Amino acid sequence: MNWKNILNVAMKSILRNRMRSLLTMLGIIIGVAAVIVMVAIGKGAQAQIEDQIGTLGTNVIIAFPNASRAGGVSQGAGSNGGRFTLDDVDKIEKNATQLAGVSPVIRSGVQAIGGSGNWSTSIYGVSPSYLDIRQWPLASGEFFTDREIRSRSKVCVIGKTVVDNLFPNQDPVGQEIRLRNVPFKVIGVLTQKGQNAAGADQDDAILAPSTTVLDRLSGGRFIQQLMASAASPAQMTQAQEEMRGLLRESHRLQPGEDDDFVIRNQTEIAEAAQQTTQVLTLLLASIAGVSLVVGGIGIMNIMLVSVTERTREIGIRMAIGARGSDVLTQFLVESVVLGLCGGIIGILTGVGVAQLVQAVSDLHTKIDPSIVILSFIFSGAVGVFFGFYPARKAAALNPIEALRYE
Amino acid sequence: MNSVIKTSGIRKVYSSGDVEVVALATIDLTIEPGEFVAIMGSSGSGKSTLMNILGCLDYPTSGEYFLDGVKVNGLGRNELADIRNTKIGFVFQGFNLLPRTSAVENVELPLFYNRTRTEKDSDIRKLAEEALNRVGLGGRIHHEPSQLSGGQQQRVAIARALVNRPALILADEPTGNLDSRTSVEVLALFQELNEQGITVILVTHEPDIAEYTKRVIEMRDGSVLKDEPVAERRNAAADLAARSSVTGRE
Ligand SMILES: Nc1ncnc2c1ncn2[C@@H]1O[C@H](COP(=O)(O)OP(=O)(O)OP(=O)(O)O)[C@@H](O)[C@H]1O
Ligand SMILES: [Mg+2]
């Protein structure tokens, strides 16, 4: 038997029972479509998170006070209970060799009044190197310098969302806003940054000198976070270790004593965020995989029916010289064609549904070509695997008994 | 030269539960190349059973069968399949054409399964058409069995049996469903093939038909009752010509 003929016979038999073939393929179609959509959503979410983590800055290292240790019994003599102070920032600034910059982050919720109304937002006390660490250019105006830090100037730089709400149709630079009755002069406007990995609007922010915020707004609150950036991606680990060492020194921790802070770099943060989506993707994909197997059982079922129905045909073929292997190939090709057709329809459906999801919801989807190829191969393999038993049953028929079959 | 068929002590016993049906009791038969044999006998006398065994479709319960000098008992399934494909052309009692498959595609089938074929795949269609022309069905090659009359289906089955140029043709009641004129046409075809050197064995109930062959074997209850040559052999082609002159024109 040549392949053209075998394929021809397989196609004919599949097309003869269109409805039945379609129903048979339905399991595979749903399985493949599900795999493609699930993975597309997972990959889309992952890509989105990667993008958002990219908005953090470059080579960013973040340190937080370790809340569970703060106030614990094992504090060193000079410790602030794990909290950061401007002394810590100074120490790092003076001694670090692997860091491009370091900035405290002192966040405080405020009601901003000015321009055309008022707006509730957050103020961040930071140092001049903050914009470099975050890779966050100014749209207009200028940023404050060390001079403003030293003089605790009441100046600020505002984000896009604040501009939109307070100064919709005017240039905010040079204007004044009042934060808890303290007047601040707007000296610059930040470019738009979008959402962060947690989905918060990063443009809803006012940046001001750390010293000013500590003095006038946060009511003596401690620094919630230190943000630094390594001099280069290759130096990430060393930079993190250096910063850790300097913080330990500054907190006067004894060797052997645990850190009273947590320090993470951007890669670790990204990995942690991705892990969640990966687990989810894996879970959804395995559910979809199960439905592929169910689809395969559907194929096996219908192939068994087909073998029984066509017993006489098998008998005739054998009587005129078909070997068992010819019959086996015939039925195997038929079930593989069923599987592959299901796979192709499933891929098209999956891609369509993924696009639809993207269009009607705010979920991002990303079709993974390797998953498309994999599900195509897999649906063929399902055809081989589940078609083998019926095909072998057909091949093992006795010609004379098959001919007598009514 | 080897005998085309030589059987010694072939028995076939069907046992279903306690009941044993002896379909064939000790058949010793020798058929030489170029013979044209009719097997006759009442219904249930074992004719089809014998044909199936001779056609390598079924196994005897005991006894030996040599086809063209080769011992068939003990050959594997694949070897038997190849013998059915290339050495034997089998015309079944009930045609056994593939349904929903055109005449020409039915006739092509044995060529597809032929592993010793020297013709290219692209010539298969031509060979099948030739075989159909030979049985006088050249104009209906794309008809499916359901669109053909019984006689036409019978001819498709004969064309399919011929297409691999077998040395032996086995036909189980090839004229069973045909009117007398069509029967003679089919017999003319067998006579022509036989003249070309092909050994033909056919089963028939009708003594008229047997008169066109060279040797008649009569069976009863699974045994050979009578085995004798045909004294006055009729010529199917001549009979056909005579009939047309009686009816005037054809
Ligand atoms: N598969 C079978 N199982 C049991 N008995 C069978 C089977 N096939 C045939 N027989 C029996 O074997 C005997 C011979 O059957 P066979 O078909 O050879 O007869 P036949 O001469 O071809 O008859 P007919 O002229 O009606 O075609 C019959 O008695 C039949 O009942
Ligand atoms: Mg019979």
Side-chain angles (χ1 to χ4, degrees), chain A residues 1-21 302 305-334 337 388 391-406, chain B residues 12 14 48-49 51-53 55-60 76-102 105-117 120-122 124-125 144-145 157 159-164 166 170 172:
Chain A
M1 265 322 241
N2 64 352
W3 286 104
K4 209 178 115 205
N5 189 271
I6 292 177
L7 264 177
N8 212 340
V9 174
M11 284 316 293
K12 241 169 128 176
S13 139
I14 288 168
L15 290 177
R16 187 174 300 146
N17 298 299
R18 269 165 232 263
M19 193 60 192
R20 185 169 95 182
S21 305
I302 224 64
V305 171
S306 182
V307 168
T308 311
E309 267 181 5
R310 287 155 70 192
T311 302
R312 243 181 109 77
E313 176 192 327
I314 297 164
I316 294 171
R317 288 179 183 274
M318 285 180 156
I320 59 175
R323 289 186 179 187
S325 57
D326 292 319
V327 175
L328 185 101
T329 316
Q330 181 77 61
F331 280 87
L332 215 48
V333 165
E334 198 172 313
V337 169
F388 190 77
R392 213 191 48 180
K393 217 179 137 189
L397 282 174
N398 179 331
I400 194 76
E401 275 161 24
L403 276 175
R404 283 205 192 104
Y405 185 86
E406 289 302 324
Chain B
K12 181 73 180 179
Y14 291 109
S48 292
T49 308
M51 289 295 264
N52 289 339
I53 290 171
C56 297
L57 283 165
D58 208 353
Y59 299 90
R77 283 169 62 96
N78 286 345
E79 284 145 320
L80 289 178
D82 293 349
I83 287 176
R84 290 196 294 270
N85 183 246
T86 53
K87 289 199 170 173
I88 301 170
F90 206 108
V91 183
F92 297 91
Q93 194 165 2
F95 315 139
N96 274 339
L97 298 177
L98 286 190
R100 296 175 294 267
T101 306
S102 71
E105 283 172 322
N106 261 293
V107 177
E108 280 173 350
L109 273 184
L111 291 164
F112 281 121
Y113 293 123
N114 188 342
R115 279 155 218 272
T116 54
R117 166 165 54 83
K120 291 192 295 287
D121 280 1
S122 51
I124 283 182
R125 180 53 57 107
E144 294 181 359
R160 187 178 65 185
L162 290 177
V163 78
N164 266 328
L170 300 173
D172 195 353

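Chain letters run A, B, ... following the sequence lines, proteins first and then strands; every chain starts at 1. Since this is a predicted model, take the numbers as computed values, not measurements.
Within 6.0 Å of CZ in A:Arg16 there are more than 12 heavy atoms belonging to other residues, nucleotides or ligands. Taking a 6.0 Å sphere around CZ of B:Arg77, one finds it holds more than 12 heavy atoms contributed by other residues, nucleotides or ligands.
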Discussion item. One pair to check against side-chain contact (heavy atoms from CB on, under 4.5 Å): A:Asp326 and B:Arg115. What are the steps and the verdict?
Written reply: CA-CA 11 Å; A:Asp326 292 319; B:Arg115 279 155 218 272; 2.7 Å; yes

Discussion item. Set out, in order, the CA-CA distance, both residues' side-chain angles and the distance that settles side-chain contact (heavy atoms from CB on, under 4.5 Å) for B:Leu57 and A:Met318, then state yes or no.
Written reply: CA-CA 9 Å; B:Leu57 283 165; A:Met318 285 180 156; over 6 Å; no

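Expressed to the nearest 0.5 Å, how far CD1 of A:Ile320 lies from OG1 of B:Thr86 amounts to 12.5 Å. Taking CD1 from A:Ile6 and CZ from B:Phe112, the interatomic distance works out to 9.5 Å, rounded to the nearest 0.5 Å.
Residue A:Lys12 touches chain B through its side chain alone, counting heavy-atom pairs closer than 4.5 Å. B:Ile124 does not touch chain A: none of its heavy atoms, backbone or side chain, sits under 4.5 Å away. For A:Ala395, the part sitting under 4.5 Å from any heavy atom of chain B is the backbone (N, CA, C, O) and nothing else. Looking at B:Glu79, neither its backbone nor its side chain comes within 4.5 Å of chain A, counting heavy atoms on both sides.
Counting heavy-atom pairs closer than 4.5 Å to chain B, the top residue among A:Arg310, A:Arg404, A:Lys4 is A:Arg404. When B:Asn78, B:Asn164, B:Asp82 are compared by the number of non-hydrogen pairs under 4.5 Å with chain A, B:Asn78 comes out ahead.
Here A:Tyr405 pairs with A:Thr308, A:Thr311 under the side chain to side chain contact (heavy atoms under 4.5 Å, CB included) rule; sequence neighbours left out. For B:Asn96, the side chain to side chain contact (heavy atoms under 4.5 Å, CB included) criterion is met by A:Arg312, A:Ile316, A:Leu403, B:Phe92, B:Arg160, not counting sequence neighbours.
Here the shortest heavy-atom pairing between B:Arg84 and A:Ala322 reads NH2-O, 4.5 Å.
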